[in-house]
Amino acid sequence: MWIAQDVARDQVRSQAIGLDMAAFTEKVAEAAARERETAEQLRRGGSFSEFETDPERLAAIWAAKHVEWQRVRDFMAQGGWGAYEPEQDTPRLQVGSGA
């Protein structure tokens, strides 16, 4: 089973192709809002939807997506990219990531 960070990285890389910095700023804001919403719903103990059976996993995925959208946005800004291209995105391996 994939961990939340793997799911987030895969989804962001596939959804981000060709997006510019303005679009990334919107995606970061959307992910932040969804992270807050899912965390609050999890704290209240309510269900997210009839299709979501694991609210903790959903909350973890949105938190990871928020971090990943920010990481890629910052990476793009640092590199001066006009639009996102996954083949240019080579995040540094982190100690303990298993990679």
Side-chain angles (χ1 to χ4, degrees):
M1 176 181 256
W2 281 19
I3 61 172
Q5 291 81 2
D6 293 333
V7 172
R9 188 176 308 110
D10 185 58
Q11 289 180 357
V12 168
R13 286 176 66 92
S14 66
Q15 293 173 11
I17 296 171
L19 295 183
D20 63 11
M21 191 60 74
F24 264 88
T25 299
E26 290 176 18
K27 290 290 193 179
V28 169
E30 175 189 355
R34 295 295 296 259
E35 178 183 11
R36 283 189 305 274
E37 291 167 4
T38 56
E40 178 60 30
Q41 190 72 19
L42 186 60
R43 278 191 294 278
R44 287 195 309 248
S47 65
F48 289 91
S49 77
E50 62 191 70
F51 303 108
E52 182 54 54
T53 58
D54 187 353
E56 290 178 4
R57 180 169 167 74
L58 181 62
I61 288 172
W62 273 110
K65 279 184 173 183
H66 183 203
V67 169
E68 185 64 7
W69 281 111
Q70 288 176 315
R71 182 198 66 79
V72 176
R73 180 201 58 201
D74 295 347
F75 195 65
M76 285 179 61
Q78 187 178 37
W81 302 358
Y84 180 74
E85 294 299 331
E87 54 274 355
Q88 292 178 306
D89 184 4
T90 54
R92 285 176 265 142
L93 295 179
Q94 296 179 359
V95 174
S97 69

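As the structure is a prediction and not an experimental result, all values here were calculated from the model. Computation of the quantities below employed the complete heavy-atom set of this structure, encompassing side-chain atoms and omitting hydrogens, waters and symmetry-equivalent molecules.
Residues Val12 and Met21 share a hydrophobic cluster, clusters being chains of Ile/Leu/Val/Met/Phe/Trp/Tyr side chains in contact below 4.5 Å.
Not a single donor-acceptor pair under 3.5 Å links the side chain of Arg34 to the backbone N or O of Trp62.
From Ile61, atom CD1 reaches atom NE2 of His66 across 16.0 Å, with rounding to the nearest 0.5 Å. Atom-to-atom distance recorded for Thr38:OG1 and Arg57:CZ is 13.0 Å, nearest 0.5 angstrom. The line from CZ of Arg9 to CD of Gln11 is 12.0 Å long, rounded to the nearest 0.5 Å.
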message: If you apply the rule side-chain contact (heavy atoms from CB on, under 4.5 Å), what do you find for Asp89 with Arg71, and how did you get there?
response: CA-CA 10 Å; Asp89 184 4; Arg71 182 198 66 79; 2.8 Å; yes
- prompt: Under the side-chain contact (heavy atoms from CB on, under 4.5 Å) criterion, do Phe75 and Trp81 qualify, and how do the steps go?
  reply: CA-CA 9 Å; Phe75 195 65; Trp81 302 358; 3.5 Å; yes
message: Set out, in order, the CA-CA distance, both residues' side-chain angles and the distance that settles side-chain contact (heavy atoms from CB on, under 4.5 Å) for Asp74 and Gln78, then state yes or no.
response: CA-CA 6 Å; Asp74 295 347; Gln78 187 178 37; over 6 Å; no
task: Tell me, with the steps shown, if Lys65 and Trp69 meet side-chain contact (heavy atoms from CB on, under 4.5 Å).
output: CA-CA 6 Å; Lys65 279 184 173 183; Trp69 281 111; 4.3 Å; yes
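Gln41 and Arg44 form a side-chain donor-acceptor contact under 3.5 Å, judged by distance and modelled atom types alone.
The minimum heavy-atom distance linking Met76 with Leu19 is given by the pair CE-O, 3.7 Å. For the pair Ala83 and Gly18, the tightest heavy-atom approach, listed with the atom from each and the gap, is CB-O, 3.7 Å.
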